[in-house]
Protein chains: 2
Amino acid sequence: MTDNPAAPGARRTRRPSERRARRSAPTLSLEAIIAAAIEILDMEGLDALTLRRLSSALGVGVASLYWHIDDKDDLLDQCAANILRPVIARYRERAIDPDRWRAQITDLSTAQYDLVRDHPWLPLATSEAVNQITPSGAHLAIIAAWDRTGALLLAAGLSPLEAFHATTAISNHLIGMGASASRAAAAQRAGADRAEVLRQTSEHMLALAARSNETMPYLIATAPVLADHDEREQFMGALNLILDGVEQRVRHD
Amino acid sequence: MTDNPAAPGARRTRRPSERRARRSAPTLSLEAIIAAAIEILDMEGLDALTLRRLSSALGVGVASLYWHIDDKDDLLDQCAANILRPVIARYRERAIDPDRWRAQITDLSTAQYDLVRDHPWLPLATSEAVNQITPSGAHLAIIAAWDRTGALLLAAGLSPLEAFHATTAISNHLIGMGASASRAAAAQRAGADRAEVLRQTSEHMLALAARSNETMPYLIATAPVLADHDEREQFMGALNLILDGVEQRVRHD
DNA sequence: ACCTGAACACCGTTCAAGT
DNA sequence: ACCTGAACACCGTTCAAGT
């Protein structure tokens, strides 16, 4: 309605005014906003990121943010993109070696896992910002990773459909690990260290199993495994299972 | 602080007052609340479920809900439990047949997938209500499914650690499918039918790929697959890949 | 070009008060 | 035992107005 004369058209100009340095404070910038937002996300989780909280951390008014970002989804999208882009890009620089498809998929996937482990808000943030159709957004980075994984599977000899199923399994695995990583991070923030959390979880599950009137043989058998497992090894273990399935189809072609 | 004399102690008494039938309206009940909440969740998604919206759909004041539920997380937990419990229980009644481990795991997993497809809010709702330690909650149902899957894997001959990795892969797969199911449902609500959404998605991805200055060979090769895929088949395809990986370890024991 | 304060239309939750 | 209205402390977003 109001014809805003200074609306940032196609995409925001980065580093709005490079010249001009007589303003007292560091002034606001898109980069500063994203950096501050990521810090809050990493330290306190997705729920803690509030535009009001962010603006007060930056020492500005809430409304000021809206000159730099479209809305909260846009902010989340850009936070995710900033984390994902450089890592994915680095892996895409490597040449595809069909003979080393398994090692190369493992490398790329674990790199993504490490990102998700260190920033457990990533999967939720990107799924909330799903409408953001920025060509520079997190979606492009995710698609780029998806493409590289699929390209390696094609190089290994899978059909497009088989590769489609395999990339589905791998990316779903990453999303699922994100869910448990974000639970783990929340527990960590609430106090207890990892060993304590694991012990409680395993105990809690056994208690649930005991209170239910059905027997839970697997729960009981796995309790020791669960009580003392490394989440990264859990990721790798399930990934290897998926890649074993892939390998079988490579052989039988 | 205020010693509420009528606080519902351990757990809510079901069907609070069976006698007494002279009140005009159907009066509120936990069952009615949950049923109405599930209807909103199914038709309009997780974000649409607001306590105010729910209370007005029931024709009562917002605060009234709090006599029946602890808080919103409790409500979500009970909604999820109501969906999950009967289905999981039904599958747990069947006896475990070690020779048919693969078919039985496939049956249970696809039953869970169908639940997630019909109620895409399930994974998010249960992960938000993670602190709910009700023995009757959604957690117990999820753990029961997890246990049955794991028990079948043990019966097939896997070690507890291998089974742990396999259940991880399968449940992460379900969570990931939930994320895309909920995106699909949102698109459906926004108007377009599935074929249209698929066409747009595939087109959109190709456009992104084209605009980026990297080549995306897999994206291009898979575009036709993506543009015309059935999500249930996608689920089954990836599941079969995982189970192929499992089968390999069964053979080599 | 960039930032502000104040307002709008929402949230979940609490609580004294009604019947 | 069950429900209410009103209030509290939040949200994201808009907008006229300042510099």
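Below, chain A is the first sequence line, B the second, and so on; all start at residue 1. As a basis for the values below, the full set of heavy atoms in this structure was taken, side chains included, without hydrogen atoms, waters or symmetry mates.
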Within less than 4.0 Å of OP1 or OP2 of dC3(C), is there a side-chain N or O belonging to H68(A)? yes

What residues, two or more places apart in sequence or in another chain, satisfy salt bridge (charged side-chain N to carboxylate O under 4.0 Å, His left out) together with E196(B)? R199(B)

[X]: what forms a side-chain hydrogen bond (donor to acceptor under 3.5 Å, both in side chains) with it, not counting sequence neighbours?
X: R90(A); answer: none
X: S171(A); answer: none
X: D42(A); answer: H119(A), W121(A)
X: T149(B); answer: none

Let me know the distance between [atom1] of [X] and [atom2] of [N], rounded to the nearest Å.
X: I69(A); N: dT14(D); atom1: CD1; atom2: C1'; result: 13 Å
X: L65(B); N: dG5(D); atom1: CG; atom2: P; result: 13 Å
X: W67(B); N: dT14(C); atom1: CH2; atom2: C1'; result: 17 Å

Sorted by first residue and then second, give each side chain to side chain donor-acceptor pair (under 3.5 Å) pair with at least one member in residues 49-63 of chain A; sequence neighbours left out. E44(A)-R53(A)

Once the angle between the rings of W146(A) and Y218(B) is folded into 0 to 90°, is it parallel (under 30°), tilted (30 to 60°) or perpendicular (over 60°)? tilted

Just jot down the side chain to side chain contact (heavy atoms under 4.5 Å, CB included) partners of A181(A), sequence neighbours excluded, or say none. P120(A), E231(A)

By the salt bridge (charged side-chain N to carboxylate O under 4.0 Å, His left out) test, which pairs, at least two apart or in different chains, include something from residues 140-149 of chain B? R92(B)-D147(B)

So if I take residues 34-45 of chain B and measure heavy-atom distances to DNA chain D, which residues fall below 4.0 Å? none

Symbol by symbol from the 5' end, with Watson-Crick or G-U pairs under 3.5 Å, [ ] crossing and | another strand, DNA chain C is ||.|||||...|||||.||

Using the ring pair (Phe, Tyr, Trp, His ring centres under 6.0 Å) criterion, which residues pair with Y91(B)? Sequence neighbours excluded. none

Which pairs, protein N/O on one side and nucleotides 9-12 of chain D N/O on the other, fall under 3.5 Å?
| residue | atom | partner | partner atom | Å |
| --- | --- | --- | --- | --- |
| dG12(D) | OP1 | K72(A) | NZ | 3.0 |
| dG12(D) | OP2 | L51(A) | N | 3.1 |
| dG12(D) | N7 | R52(A) | NH1 | 2.4 |
| dG12(D) | O6 | R52(A) | NH1 | 3.4 |
| dG12(D) | O6 | R52(A) | NH2 | 3.2 |

